[in-house]
Every structure is written in structure tokens, then in C-alpha cells.
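Every number for a ligand or one of its atoms is a count from 1 in the order of the listing. Numbers here are sequence positions counted from 1.
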Amino acid sequence: MCGIVAYVDCDSCQLVPITEAQLDASLHSILHRGPDSNGRYIDPSNRVGLGHTRLSIIDLDGGQQPISNKTNTIHIIVNGEFYDFERIREELIAAGHTFKTSSDSEIALHLYEEYGYSFLEHLRGEFALCLWDTKRSIFLAARDRFGIKPLYYANKDGRLYIASEIKAFPPLGLKMAWDIDSIVQGGPITDMRTPFAGISKIPPGHYITTTLSGTFRVERYWDADYPDKRVKDPRSIEEMIEGVRSRLVEAVRQRLRSDVPVGIYLSGGVDSSCIAGIATKILREKDPSAQIRAFTISFPEGNHLDEGPVAERTAEFCDAIFDKLEITDELVAEAFSDAIWHFEMPVANLNGVSKFLLSKFVRDAGYKVVLTGEGSDEHFAGYKFFEPDYLLEPDLAASFPTLSEKDRADLLNYHESNAQLKAYGSLAGKVEIDDSPIPKRMLNGIVTPQLIGKFLYVNKEVYTDSALQRTGVPDPSLAIASGLSGEARRKIAHNWHPLHSALYCENKTILPNGLCNFLGDRGEMAHSIEARTPFLDHFLTEYVNGLPPKTGELVEKWILREAVKPYITEELYLRTKHPFFAPAARNNYSPVSELFRQKLTKESCEALGWLKWEGVADIMSQYFETGDQVIHNSLLVLTSYVILGEKFQVPTYTTFCNTAL
Ligand SMILES: Nc1ncnc2c1ncn2[C@@H]1O[C@H](COP(=O)(O)OP(=O)(O)OP(=O)(O)O)[C@@H](O)[C@H]1O
Ligand SMILES: NC(=O)CC[C@H](N)C(=O)O
């Protein structure tokens with residue numbers, strides 16, 4: 001993948017123009033995203049700049065960026081991969097377009113010439129891009145449908161700043177400040193906010209445009225949709241299984257197109273294992289002795305979380321080359337600060353740090369591109385916590401037998417009488433928040449947002465009174481419900497089955513902000529690794545979203561298991577989901593506990609300006625007494641914020657509210 005940086009000074013901008021040296025410094029800050037080459041375009045007016053740092057994957061010698069059109073009036077920078085680009089390129093050439101490179105990135109430029117803003121509909125894959133059309137004075141920046149590639153913006157004092165990573169902004173002169181509302185309400189995970197004031201993510205499936213006059217728009221070009229819950233689907237199960245299989249195979253085939261070798265991140269689960277099986281089969285169509293190289297994380301000190309042995313058996317089944325990275329507590333604690341600098345958001349577990357280490361391992365092995373299984377659970381309802389929402393209403397769409405109404409009522413009752421959500425593999429069920437009833441009313445009674453909202457939750461006792469006076473008490477599920485579009489909320493209220501509504505919420509929050517971010521691009525790109533996610537192919541997801549809720553029911557991902565049965569071992573066909581979880585701090589003297597002691601001091605907490613030291617000290621001592629996992633996770637979040645404050649040199653937060661009191 002690559003790194004991109006851009007800026008636009010509108011007519012009202014009174015700021016000193018950004019210099020070439022500043023643009024270079026900004027690119028330098030994200031050099032890990034593209035160590036192979038870099039380039040820039042600065043408009044003769046000095047008001048628009050585009051910078052690109054490249055990890056070359058397709059057209060290794062010729063694909064340098066920015067790329068311009070034949071008349072040098074449109075300039076583009078792209079991070080990402082466009083699949084099936086050769087077919088589109090041929091069509092564009094036949095329509096009279098002249099290509100300057102053989103890079104997949106260039107198709108976006110010509111598609112824009114051909115279709116205007118509708119060019120985005122023709123792109124398949126993961127991407128973030130910026131385009132400057134000098135003739136129309138239009139600047140456009142867009143992000144892929146799922147948020148696989150990051151793209152941030154800030155619109156301040158008449159200047160629009162855009163970059164793949166937040167750390168590229170300070171060299172352009174943007175000042176960093178805490179966004180206390182976002183922090184308290186979990187904005188980095190619940191919506192498009194970041195921990196930093198005025199800096200937002202471009203929402204997945206959206207583009208932003210600005211003219212030099214300063215007309216700024218954020219528009220959606222794609223969204224997930226689900227069928228009307230009252231309409232029966234006439235398809236047979238067999239047809240649906242075949243529909244999933246053929247689209248997944250095609251999604252993997254497209255993602256094997258590369259001018260450098262492609263490996264795989266292989267776990268002990270069905271998602272990455274079926275991709276390994278499918279990829280091997282496809283590679284062997286051309287070369288019967290082809291072997292894919294598989295990379296696996298193993299946790300030797302936390303045996304019950306170790307997926308190494310299952311992955312090894314899968315690798316044997318696929319005849320893959322198998323590499324295992326053993327991750328220890330010491331390695332995780334050592335890498336934590338650096339990982340947070342790359343994630344640019346807090347984390348509540350150590351999974352991302354482990355994957356961050358895996359990416360380094362893969363890069364050291366000489367690989368630039370891997371396949372991964374992210375995005376499957378968000379479409380096939382792979383998490384057990386979706387169950388109460390599945391049970392909330394009958395499935396009227398399925399034309400084959402579903403639960404009887406009595407069974408549904410009994411099971412739902414079981415969930416309700418358990419009071420706390422049955423979030424297996426997660427501690428969310430133990431986190432107690434006084435959720436307001438409003439988000440449930442807004443979202444047809446589903447409970448998934450409450451669960452997601454707890455991900456970055458920290459007990460309100462740790463915040464200063466003035467911070468809480470300003471933000472109100474934490475209510476992250478309200479932030480989630482409010483972050484959805486009005487149109488989506490209307491469909492949730494009237495059209496979609498509650499399971500589909502729950503999947504939609506997961507797809508708008510945890511998927512782009514967690515899985516694709518600190519568990520995806522950010523840890524991978526820290527080590528110049530491009531990861532490709534076949535489960536996030538929009539032709540596949542649109543098909544899966546159109547299936548009746550029953551296909552996501554109770555036995556996890558059963559339709560996927562049936563579809564990929566020919567490509568996986570019997571062991572995996574029968575195995576239930578084991579979510580990826582890195583072991584937490586094991587005791588008071590483990591390296592991660594030491595990290596808490598080192599980072600969470602009175603001085604460091606007070607330097608943030610919104611943490612109350614007494615509250616933090618209190619939960620720390622509770623943790624050291626009890627080893628409570630929920631507190632452990634909160635301490636990880638707070639430690640992350642201290643690290644972000646140090647690395648980004650964020651000034652201590654003060655409120656007007658505070659001084660006025
Ligand atoms: N231990 C691991 N080693 C290497 N890669 C991993 C590991 N755990 C997860 N991954 C990567 O992250 C992806 C997402 O993990 P996740 O646990 O959601 O899926 P899975 O393990 O493949 O399948 P399942 O959801 O059925 O458990 C995996 O598909 C895999 O590419
Ligand atoms: N690393 C990237 O984002 C890849 C950009 C483009 N596909 C290339 O191969 O150069």
C-alpha cells in the first residue's frame with residue numbers, strides 16, 4: 001500500500017502557503033506506507049498539493065505517482081488495489097483513453113474522465129484516493145466501501161488537509177488538540193471521529209469534494225443494504241450455498257493478481273483457512289506444484305488461545321509453506337508504544353499489537369502482500385453476540401424451515417433473563433454502563449450497539465469533573481445510533497430484520513474503526529505490508545447481505561462452512577469460532593503490568609488534562625489486587641492515550657467551562 005497526503009487552500013484561506021519542504025516532511029512521516037518511491041504535484045497557484053509515497057505492487061517500474069491524464073489537467077494519487085483492472089483498462093483504451101502506465105491505479109483517472117463522480121461505482125477493491133481536476137477546480141478524495149484503507153481530513157481556516165495517517169498533519173502546520181467529546185463517548189470506535197479535535201475519518205463508501213470557492217461536500221456513493229424482512233426469498237439453500245461459493249472463489253482469484261508474491265495470514269479459523277484452500281487451488285490451475293506461504297501467530301505462554309497447531313494442520317492440508325511467529329508477553333509490551341503510534345487510536349486488548357508484530361515478521365521474510373480473512377464475521381454473522389438480535393423477530397424471508405415461534409420465544413427469554421449479553425470471548429458482558437433507552441428506541445430494540453459501545457469504555461470515575469460537565473456521561477451506544485445516517489435508521493426501524501440491522505451497526509463501527517484499522521491496515525502498513533481481504537469484496541457482500549437472516553442463524557457461519565467445505569479440513573468444518581485473542585497481562589509483575597506502572601503516573605495523567613489521577617490510581621490498585629480483566633482493558637485504553645499524548649505532543653486539555661466555573 002501507499003501513503004497519500006493532499007491539501008487545498010480555498011479562496012478564504014489566509015494561511016501562509018504550504019511549502020514543498022513541508023509536503024516532503026509530511027510524506028516522510030508516513031514513509032513506512034511506501035518505502036519504494038515517492039512523488040508530488042504542486043499546482044502552479046501553490047494552493048493545491050498532492051504527495052504520494054509508494055509501495056509498488058503492480059507495474060513495479062512504471063507505476064510512479066501522482067499520475068496525470070494526457071493533457072496534464074487531472075492529477076491523481078491512489079493508495080490501494082483495483083481488482084479486475086486489466087479488463088477495465090482494455091475497455092477504456094477501446095473508448096479512446098491513452099494510458100501512461102500499466103498500473104491499476106491509473107484506471108481511476110480515466111474512469112473519472114469518462115463518468116465524472118460516478119467513477120467510484122466502477123472500482124472494485126480497497127482504496128483511498130485524491131484527485132485534482134484543474135479545469136473544473138474540483139478536488140475530490142474518496143475511500144473504499146468498507147474502510148479497508150484509511151483516509152483522514154481536517155477542514156480548518158479555509159484549508160482542507162487530507163492524509164492516510166494523522167501523523168502526516170503536523171508537518172503541514174495543523175495543530176493537535178484532544179477531542180474530549182470523542183474520547184469520552186468512544187468516538188474512535190463508534191463513529192468517524194478520532195481522538196483529535198477537528199480531524200475526522202472520511203466515512204467508508206463516501207467521497208468529499210471541495211471547490212476553490214470553498215464549497216465542501218461529503219457524499220455517499222455506496223452503502224450496505226438488506227432485503228425487506230417481510231418478503232419471502234424463493235431461492236433454495238443449495239442455490240444460496242453455490243452463490244456464496246462462486247463469489248468467494250472469484251474474490252480470492254482477483255486478489256491473487258500481483259507483480260510480487262502473495263502470502264496469507266493463517267489462523268485456526270474457517271475464514272483464513274478457506275482462503276488458503278481456495279488460493280492454493282487457483283494457483284495450481286497454472287502451476288500444479290504451487291505453494292502459498294502461510295504466516296501464523298502462536299502464543300506459547302497462553303495455550304488455550306494458541307491457534308498455531310490448528311493452523312499448522314491446515315497448512316499441511318493445503319501443502320502450504322508454514323511460518324510461525326511465537327509471541328510472548330515481553331514482545332507485546334515492548335512493541336506497545338510503537339504500535340499505538342501507528343494505530344493512532346487507543347486499544348482495549350493486545351490483539352492489534354500481536355498482528356503488528358506478525359506484519360514485521362512477514363516483511364522480514366521478504367513479503368509485501370498477504371491475504372487475510374477479515375470481514376467474514378461481519379457478513380455471515382460469525383459472532384455469538386448477534387444471537388439475541390436474530391431472535392428478536394421471526395424470519396419471514398426464509399422459504400425453508402426456521403425456528404418455531406415457541407423455540408424463538410424461549411431462546412429470546414433465555415437471553416433476556418440472563419440480563420447481560422452473552423458475549424463469548426469478550427468481556428463486554430461484564431462492563432456495566434447505564435445505557436439510556438434512547439438508542440434501543442432509535443434502532444428497533446437491537447442490543448448489538450450496546451455491546452460494541454463497550455469496546456473502549458472506561459469507567460467515568462477516571463475523567464475530571466470538568467471534562468464530564470462538558471461531555472455528559474459516557475453513552476457510547478447513543479453515539480453509535482446517532483452516527484448512523486437517518487436513512488439507515490429508517491430502514492432499521494421499518495424494513496430490515498434485527499439481525500441485519502445488527503450486522504449493519506457492526507459494519508459501520510468495529511469493521512472500519514477496529515478490524516480494518518488497528519487490526520488491519522495500520523499494523524500492516526507500519527511494516528509496509530499490504531493485506532487483501534477477499535471477504536470484503538462488494539460483489540460477495542452484496543450477495544450475502546441479500547440472504548435471509550436464517551443463513552446467519554445460531555450455528556455460526558453455517559452457510560459459509562457449507563460453501564467452503566471442499567476447501568477446508570474436516571476439523572475446521574466442525575470447529576466453532578475461536579475469536580482471535582492475545583493473552584492479557586498475566587500478573588502484577590508481567591511486562592504489560594509494568595507498562596501500566598510506567599505510563600500511568602500522576603504527571604502523565606495530569607498532562608492529558610482530562611484524566612483524574614485519583615480515579616486512575618484507584619482502578620490501577622483494584623487491578624493489581626484482583627486482576628480484573630475489564631479494568632485491565634481500561635488500563636490499556638488509558639495507557640494508549642498517554643502514549644498518543646506524548647507522541648503527538650498534544651497540549652494539556654483545558655475547557656472554557658472549567659475556567660468559567
Ligand atoms: N493466530 C493468527 N495467526 C495469523 N493470522 C491470524 C491469526 N488470528 C487471526 N489472524 C488473521 O486475522 C483474520 C481475522 O481473524 P478472525 O479470528 O476473525 O478469523 P479466522 O480466525 O480466520 O476465522 P474464524 O472467524 O472462523 O475464527 C484471520 O482470518 C487471519 O487472516
Ligand atoms: N501500495 C499501494 O497502494 C499500491 C498502489 C498500486 N496498486 C501499485 O501497485 O503501485
Step through it carefully: locate the ring centre of [X], locate the ring centre of [Y], and say whether they are under 6.0 Å apart.
X	Y	value
Phe356	His527	yes
Phe82	Phe127	yes
Tyr115	His122	yes
His206	Tyr221	no
Trp558	Tyr573	no

With side-chain contact (heavy atoms from CB on, under 4.5 Å) as the test, would you mind laying out the steps for Tyr567 and Lys281 before giving the verdict? CA-CA 8 Å; Tyr567 303 100; Lys281 199 142 197 170; 3.6 Å; yes
For ligand 2 and [X], I'd like to know whether there is a polar contact (N/O to N/O, distance under 3.5 Å).
X	result
Asp104	yes
Ser56	no
Val78	no
Cys2	yes
Asn79	yes

Would you mind running through ligand 1 and noting each atom that sits below 4.0 Å from a heavy atom of [X]?
X	result
Lys557	24 (P), 25 (O), 26 (O)
Thr296	3 (N), 4 (C)
Thr372	31 (O)
Phe295	4 (C)
Gly269	20 (P), 21 (O), 23 (O), 24 (P), 26 (O), 27 (O)
Glu374	12 (O), 13 (C), 14 (C)

May I ask you to check if ligand 1 and [X] share an N or O to N or O distance below 3.5 Å?
X	value
Ile297	yes
Ser267	yes
Tyr265	yes
Tyr383	no
Gly373	yes
Gly268	no

4.5 Å side-chain heavy-atom contact, [X] and [Y]:
X	Y	answer
Glu113	Ile74	yes
Asp144	Leu123	no
Leu358	Phe295	yes

[X]: numbered ligand 2 atoms lying under 4.0 Å from its heavy atoms:
X	answer
Arg54	8 (C), 9 (O), 10 (O)
Ile58	8 (C), 9 (O), 10 (O)
Glu81	4 (C), 7 (N)
Ser105	5 (C), 6 (C), 7 (N)

Using heavy-atom distances only, which candidate in Arg561, Lys324, Lys355 approaches atom 11 (C) of ligand 1 most closely?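 Selected option, by shortest heavy-atom distance: Lys355.
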Could you tell me whether ligand 1 has any atom less than 4.0 Å away from a heavy atom of Phe299?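 In this structure, Phe299 fails to qualify as a contact of ligand 1 - no heavy atom is under 4.0 Å.
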For the pair Glu106 and Lys100, find out whether any cationic side-chain nitrogen is under 4.0 Å from an anionic carboxylate oxygen.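 Judged by the 4.0 Å cut-off on N to carboxylate O distance, Glu106 and Lys100 do not form a salt bridge.
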Pairing donors with acceptors under 3.5 angstrom, does anything connect the side chains of Ser56 and Asp36? yes
Could you check Arg40 against Asp24 for salt bridge (Lys or Arg N to Asp or Glu O under 4.0 Å), going step by step and ending with a plain yes or no? CA-CA 8 Å; Arg40 67 179 112 73; Asp24 282 350; 2.7 Å; yes
Under the side-chain contact (heavy atoms from CB on, under 4.5 Å) test against Val262, which residue among Leu283, Val370, Leu371 passes? Leu371
Taking the six-membered ring for Trp, are Phe518 and Phe455 parallel (under 30°), tilted (30 to 60°) or perpendicular (over 60°)? parallel
Counting only heavy atoms, which portion of Asp377 has something under 4.0 Å from ligand 1: side chain, backbone, both, or neither? side chain
